[in-house]
Every structure is written in structure tokens, then in C-alpha cells.
Asks: 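I have a structure I would like to understand better, so I am pasting it below and will then ask my questions one at a time.
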Amino acid sequence: MAERLLKFSPLQFSEGVVSIQPFPALLVLAGLAVLVCVFLLRASAPRRVRLVSLSLRLAAALLLVTPLFEPALITPSVIPDENFVAVLVDVSGSMSVTDGDNGQSRIAQAYDLLYHDDGGIIQSAEEDFQVRLYTFDERTVRADSLDGGAHGVGTNISAALDRVIKDFRGLPLTGVVLVTDGADNTAQHPLDKAEALRSAGIGLHIIGMGQESFAAERELVDVLVSKGVGKHAGAEIDVKVRSWGREPDPVTFSIYAGDAVIFSEARTLKGDGRIDHLSFFFEPPLDGAHAYRIAVDTAPGELNTTNNALSMLVDARTDTLRVLYFEGHLRQDFKFIKRALEDDQVVEFTSITRTGTGKLYRQGIRSPAELAGGFPSVAGDLYAFDALILGDVEATAFSPGQLRLIESFVRVRGGGFLMMGGRKTFAEGVYVTGPVADVLPVYLDATRAQVVPVRFSHPLEGGEESAGFAFEPTPAGLESPILKLSSELVTNRGLWSSMPLLTSINYLGTPKAGAQVLAQKPADRYGAAEPLLIVQRYGKGRTAALATSSTWRWQMLLDATDYRHERFWQQLARWLAASAPEQVDLQTGQNYLSTGDATQLSVNVYDDVYSALEHAEVEGVLTAPDGSIVPLRFDEELTRSGTYTTRIAPAAEGLYELDVTARHGGLLIGREQHSVLARTKQVEYYDATLKRPVLEQLAEVAGYYYTPAEAGAVPVNLRERRTSTSVYHAEYLWDMPALFLLALLLLCAEWLYRRQQGLP
């Protein structure tokens, strides 16, 4: 409408120059001045009325005599084939989303806009320009067509604009046509490139593709798989999922082995763009390491379904987390803890129990010579284990060297350490000072040592089942993997609140800085709140204090099919042992590898006493999903002693097997085998909507923004853009329809005003 009234488009006015002939204009102004004087002298109306009427007449008169000024618009036009236009088309994965008219994908829409037989942008632009086509995702390349589709795993608009700026440096580039949905997933903001285009006088014409929001959209953001807590739980799978619509009904999550569904469970989602953190317990049907796929049901009307599933690695192979338990005497807790840990397929349980003066009973040893002298006295013997649990045994049962060895086991070896409650532990066992006191996550108060244990019962109330105090997880405890009996916070709290009561406690001191209290005895009729389970990092390892010896009541007073007692001890043992590395410790740095991306692998090599081992020969083999084998060479890091690195870039999705061996002086130090999953990045499909605000911000800096329906104006705006090789021509403005319409409106307004004032 503006172009019809003004004869030319706003772009032509912004790029052109308006000119008039001043001499006729002066004559007209002199004539109008004479008319004003005559009108003011002869008219009999009030002065205000005369001034308003005269102003309206003069304005109309000026518009009607406009042709005498010979107004003209001098506009630029391009010389055919002497200027360039660069067309940048986004071919990243999000451009494959089918949210266009009639279910058309964004890339198919872009193809129609550029190549349509009836006025396609490229066809129209080629009448006056030399057009160069580029496609871009993470990389930008020159292209002859868009036949390749949209499969890129990332979008880098900044790099694409930078490529064009560099390619056309010194050449007459009229404009850049950018066709994209704006879903840039890099840390680089393209705003500075838009500024560079503006500074060079190059117009940026942006065509936004896709919908700005989806009515329904579910996306699996991430999935993490940890080893199971025992044969009754399988693998724990933590899923991060987001739904953008309303979710009134439960949604089904399914796990696939190939095309077969082997697990499914319904959960309720928050919806409205909020993220849910869900956990599932899945017992894999296959031994060893295997890739599975977890998927969430497609929402009704969902257009973007690529992000509804993720592959995941579930490794059901048995680990060898060795736990050494030293117990001062046979007691109820030991029997049930031993049973719980021996049932765990991941934990190898070894114990030393005093059965009398100078008598020890060993269980779970690997050879008759192992631990033959009782508790280890040399690092090599103790460092063979990943975690150490001390039962009801006093500090004087150890030599000073053994106490120092326990401290170095945690600090240097990276092992886990747990001290349990009892009559001869903590302050009661004279551990108040010394190396073990340094390791504990809590200060010990000798004044609180109990000579006679407190009795948490009353002879006239209830019975055995009603005696005791509650084991109450703190908020931090409810989130800890040690105390997670359920992935749902409310359910987890309920499972702990219904546990049988405990009847023994060691009164501890203040938790150390950095320690976490995971559970407590609440304030009750027996006294104030007291810490029960405290954990902390110490050196390379982990340490914990459990101030009770009555968790056996959980096993005895629960149903035989209730595995909460077993699960607690298995999770605690695994948490303790998780920090202890092998002598050859392979680190992949992440849960999965991205195809096409180079990932650094690190191997830490230790000697028998877990000092970093330099100048080792570290070699590896990478076996791809198709069975092909790639040898790996690890180079020693100069800045980190005992660390060796290499880089791998998996080409295809699937399960890769890593086999790493370390030698020193020709002697084998150790070997580690590790499975890793490679999968294609799906960042393109998360929140894969049109980012119009971002694109409009670029357009405000350097050019224009168009919807697909408006894209037909791109060739016209390119032609009317001023360039270094433009030629100019003049077009008269006196015949603009707007001038005559405005003059007519002014005359009508003047006539109506006079009539209102009672004048003829």
C-alpha cells in the first residue's frame, strides 16, 4: 500500500536521493506570500479563523503546485552481471523438521523459495547478479545445489557469514541471503559479523524458516546409566526429559534391544517446558556391554520426533571392587552386612574377624597367603583393595604403622574408608587423635564417649519392634546415591521413614568443613538430634562415618522379600570404592562419544604403591562396531606426571571396545578394558523452533528480515541496493497519488471548518 501511494518502496527512498528545482520554487513561494497578504487584509472573519483557513489552503496549494518544483527521486540500479549475491542455506539437522505447509520440511521449503519456476529467488537474482550458493551447518562449503538434504549435527551462523566475507573481500558483493531457522548452537554470536557486513555496505537478507513454537514436543535431553546396586535392582538409568506441552496423562518410556521392547514404564511429566529427572531400574537381559535405546512416546501432533530417543550403554559385566572388612568380634551386624555385600555381583567381599586372643578368621581371600598375618602392614597388601570397613575394633589393635597405612590408603591410594559404630570405635575406641582421626569426616569428642551404652527402650512400652530411634535422611541424604531407595523424592522419604528403628549410637563431635551429614537421629524423647551418617572427600579417596551398629534390625524386622537393607549396604560399599583407581586407570571424560568429534582419552598409570609412574609404555587397541581394529598410541603428558593421552574420533555410531596395556621396563603394570558408546549429537533437535528474535536482531544491524511469504521481495530489494558499481537514474515524484489525495483532504477539511464557523 505504501508503495502504491508513494510510487516507490521505502527501500528506494532510503537508498535514493530526492531532488527539486529551486528557481520555480521561489516564484511559487513569492506568489503564495502575496495571496496571504491579500487574504489577511480583505477577509472579515475573526483572526483565528482566518489563520486556520489560510493554513489549510496554503498546504493544499503547495501540494497542487508540486509539479513546478520538478521533484525527482534519484535511485541506484545494478549493472547486470557486475555484482555478486551470496546465498547461504542452513542444512543442519533442525532444517529437516516438517513444520511447514502440508507437512513440508524446512529445507524443502527453502528449496522452493530459491528454485521455484515461478519467481524463485535465485532465478530472479541471476537476471542481474552473479549468484554464489553456500550451504552450512558446523562447516560452510560452496555448493551447486541443495540436493543433499539437511543432516548437519550443528549450526554455526557466525562462521558461515565469516566465510562469505573472506571469499568476497575486494569484490562487489551486493548482498547476502541467509536462509535459516536461527538455531545456532555454538558459543559464537553472529552479531559482530552482521556489523562487519554493515560496515562494508553489504545488505543481509534473512529468511526465517519454521515455527516459533510447537503445540506438542517431548525431548530426551540426556540419559546416564550406572551399574546396578545388586541382582535385585539391575542398572539404574537416570533420564532427563522435557515436555513443552500439557501432560495430563502418564507417558510411557520404553527400552529397546534392536527393535524389540524389553522394558516399559509409565511416568507423569510436568510439561510446560519444565525438565523432569527420572530414574528407572532396568535389569538387562544380556550379559556384558550392550547398546540399548530408550524412547519416550510421541506426543499427539508432535512434529519433531528425532529427539524422542537416545542410545545408551549398559555394561552388565562383573566388576572387581574389592572391599576389606575388619571386625573386632562376631556380632549381628557383620553377618548381615557380609550377606548383603556377597550378594552384590560387583563387590568382592573379604573379611578378617577376631575370634579370640591372637586368633583371626579370614573369608573371601584369593589365596592362602593373602592376609595371613592379619590386617595388612605394607602398602602393597592393603592397596590391593578398593575400600576398607572397620567394625567394632579399637585403635590399639593396630600398630602405629598400620594406622598411618590406613590414612595413606585413602589419601594416596584413593580408597574408601568407613568406620562403623560399636563399643570400641570412634571415641570409645580411642581414635580421638592420630592418622585415622584425620581421615574421619567428623571430629571426635572424648567427653562424649559412652562407658555404658544408652538404652533406647522402656520396659513398660511396646516391645522389641517399638524400641529405638529413627534413621532420618537429611535433604542432602535423600539426593545421595548412598540412600536412594527410589528415584522419586517423596517415595524415597517414605521408604526411609518406614524402616525399623535403631537401638545403638556413638555420640560424635562436629562434622568437619566440607563434610556432609546424610542422616541423623532426629530430636526425640531420647535427646537432641545427632549425626548418624557423615561423608567427605579426603585426599584422592572417600571417607564415611556410620555412628550405629544396629542396621541389622532393618534385615531382621523387615519382610524377607524386602531388600532395603541389602541395597543400602551395597550402595554404600560402591560409593566408597568408586574413588579407587586401578593401576592402569582409563578415563574417557564423558559418558559417550560423539561421532566425528575428536575426544581425548587419558590413562593414569601407578606403581604398586600408587605413585604416578613416569616413562611407561602405554598402548591400546580400539575395536569399532564393524570389527575393524585401530591401534592407539598414548603420549606422556609433560605437565601431569603418570598421565598418558591420545585422541580418537569415532566415525560411526555403535559400541567401541578399548583395550589399554601399560608396561614399565618391559614388565606388565596392568591392563584395562573399557566399552564406550558413540552416538550422533542431537543438539540440533532440542528446542528446534524458529529463533526469530535472534534473526531480527541481526536484520536490525545489517539488513532485512522476511517470512517465507515475504521472501519474494528479496530480489527487488537486492536490485535497489546501492553498490560501488551502481548506475543512477531519476524518476519524477510529482505524480505520486499520495500528493493529490492529501491535497483533496486538506481542501475538504478547510471547507468543513468554514461551514462550522458559519462562513460561506
Side-chain angles (χ1 to χ4, degrees), residues 229-233 323-344 347 349-355 361 363-364 387-394 418-426 428-429 450 452-457 462-473 477 482-483 485 495-508 518-522 524 526 530-535 544-576:
V229 297
K231 64 182 180 181
H232 301 288
V323 175
L324 175 61
Y325 188 119
F326 188 23
E327 181 59 83
H329 60 92
L330 291 173
R331 58 176 180 163
Q332 291 169 304
D333 243 7
F334 170 72
K335 176 175 64 175
F336 294 116
I337 294 169
K338 176 177 179 292
R339 183 184 303 170
L341 296 185
E342 285 181 340
D343 281 349
D344 190 342
V347 173
F349 183 77
T350 303
S351 63
I352 306 174
T353 309
R354 285 193 314 201
T355 57
Y361 180 52
Q363 293 178 283
L388 170 64
I389 300 175
L390 289 190
D392 197 6
V393 56
E394 67 281 0
L418 168 67
M419 180 175 285
M420 292 177 55
R423 297 186 180 185
K424 298 180 180 180
T425 61
F426 297 112
E428 288 80 359
Q450 302 175 63
V452 178
V454 177
R455 180 178 178 85
F456 292 96
S457 63
E464 180 68 18
E465 294 186 11
S466 65
F469 57 87
F471 182 93
E472 182 182 81
I482 299 174
L483 301 183
L485 300 179
L495 289 171
W496 279 109
S497 66
S498 62
M499 290 286 267
L501 303 177
L502 303 178
T503 56
S504 73
I505 190 171
N506 291 75
Y507 292 117
L508 308 178
L518 301 186
Q520 64 180 358
K521 180 193 83 67
D524 54 19
Y526 301 114
E530 297 286 346
L532 280 177
L533 177 60
I534 312 100
V535 298
L546 179 63
T548 183
S549 61
S550 55
T551 62
W552 60 269
R553 289 172 57 85
W554 294 343
Q555 181 66 41
M556 288 295 294
L557 300 179
L558 290 173
D559 188 87
T561 59
D562 192 315
Y563 292 97
R564 279 180 281 177
H565 173 267
E566 289 89 340
R567 186 167 176 186
F568 164 75
W569 277 104
Q570 290 166 3
Q571 290 179 167
L572 178 55
R574 286 180 177 225
W575 182 87
L576 290 169

Asks: Please test Tyr325 against Leu341 for side chain to side chain contact (heavy atoms under 4.5 Å, CB included), starting from the C-alpha separation and ending with a verdict.
Replies: CA-CA 11 Å; Tyr325 188 119; Leu341 296 185; 5.6 Å; no
Asks: Between Val454 and Phe469, does the side chain to side chain contact (heavy atoms under 4.5 Å, CB included) criterion hold? Intermediate values first, please.
Replies: CA-CA 12 Å; Val454 177; Phe469 57 87; over 6 Å; no
Asks: Please tell me if the side chains of Arg331 and Trp552 come closer than 4.5 Å, counting only heavy atoms from C-beta onward.
Replies: no
Asks: Is it true that a side-chain atom of Glu327 and a backbone atom of Asp392 form a donor plus acceptor pair closer than 3.5 Å?
Replies: yes
Asks: Is there a side-chain contact between Leu501 and Phe456, using heavy atoms and a 4.5 Å cut-off?
Replies: no
Asks: Considering non-hydrogen atoms only, spot the tightest contact between Leu483 and Ala519 and give its length.
Replies: CD1-CB, 4.4 Å
Asks: Looking only at non-hydrogen atoms, find the nearest pair between Pro531 and Ala547 and report the distance.
Replies: O-CB, 3.9 Å
Asks: With Glu428, which residues qualify under side chain to side chain contact (heavy atoms under 4.5 Å, CB included), at least two apart?
Replies: Phe426, Ala449, Gln450, Asn506
Asks: Between Thr353 (side chain) and Leu330 (backbone), is there a donor-acceptor pair under 3.5 Å?
Replies: no
Asks: Please determine which of Asp333, Thr551, Thr548 meets the side chain to side chain donor-acceptor pair (under 3.5 Å) test together with Ser504.
Replies: Thr548
Asks: Please check: side-chain N/O of Thr503 versus main-chain N/O of Gly468, any donor-acceptor pairing under 3.5 Å?
Replies: no
Asks: Is the side chain of Arg564 donor-acceptor paired with the backbone N or O of Trp554 at a distance under 3.5 Å, no angle test?
Replies: no
Asks: Which heavy atom of Leu576 sits nearest to which heavy atom of Ala387, and what is that distance?
Replies: CB-CB, 4.0 Å
Asks: Does Thr350 use its side chain to pair, donor to acceptor, with the backbone of Gly364 at less than 3.5 Å?
Replies: yes
Asks: Distance check, rounded to the nearest 0.5 Å: Met419 atom CE versus Leu388 atom CG?
Replies: 9.0 Å
Asks: How close do Gly477 and Pro473 get, counting heavy atoms only, and between which atoms?
Replies: C-CB, 4.5 Å
Asks: Measuring only between side-chain heavy atoms, which start at C-beta, is Trp569 closer than 4.5 Å to Asp343?
Replies: no
Asks: Decide yes or no on side chain to side chain contact (heavy atoms under 4.5 Å, CB included) for Leu518 and Val535, but give the supporting numbers first.
Replies: CA-CA 7 Å; Leu518 301 186; Val535 298; 3.8 Å; yes
Asks: Enter the distance from Leu418:CG to Ile337:CD1 here, rounded to the nearest 0.5 Å.
Replies: 8.0 Å
Asks: List the residues meeting side chain to side chain contact (heavy atoms under 4.5 Å, CB included) with Gln363, not counting sequence neighbours, and say none if there are none.
Replies: Phe334, Lys338, Ser351, Tyr361
Asks: Of all the heavy-atom pairs spanning Arg354 and Phe326, show the shortest one and how long it is.
Replies: CG-CE1, 4.4 Å
Asks: Before you tell me yes or no, could you show the steps for Glu566 and Gln555 under side chain to side chain contact (heavy atoms under 4.5 Å, CB included), namely the whole-Å CA-CA distance, both residues' side-chain angles and the distance that decides it to 0.1 Å?
Replies: CA-CA 8 Å; Glu566 289 89 340; Gln555 181 66 41; 3.1 Å; yes
Asks: Sub-3.5 Å donor-acceptor pair from the side chain of Gln571 to the main-chain atoms of Ile482, do we have one?
Replies: yes
Asks: Atom NZ of Lys424 and atom CD of Glu394: how far apart are they, to the nearest 0.5 Å?
Replies: 5.0 Å
Asks: What distance do Gln520 atom CD and Phe471 atom CZ have between them, rounded to the nearest 0.5 Å?
Replies: 10.0 Å
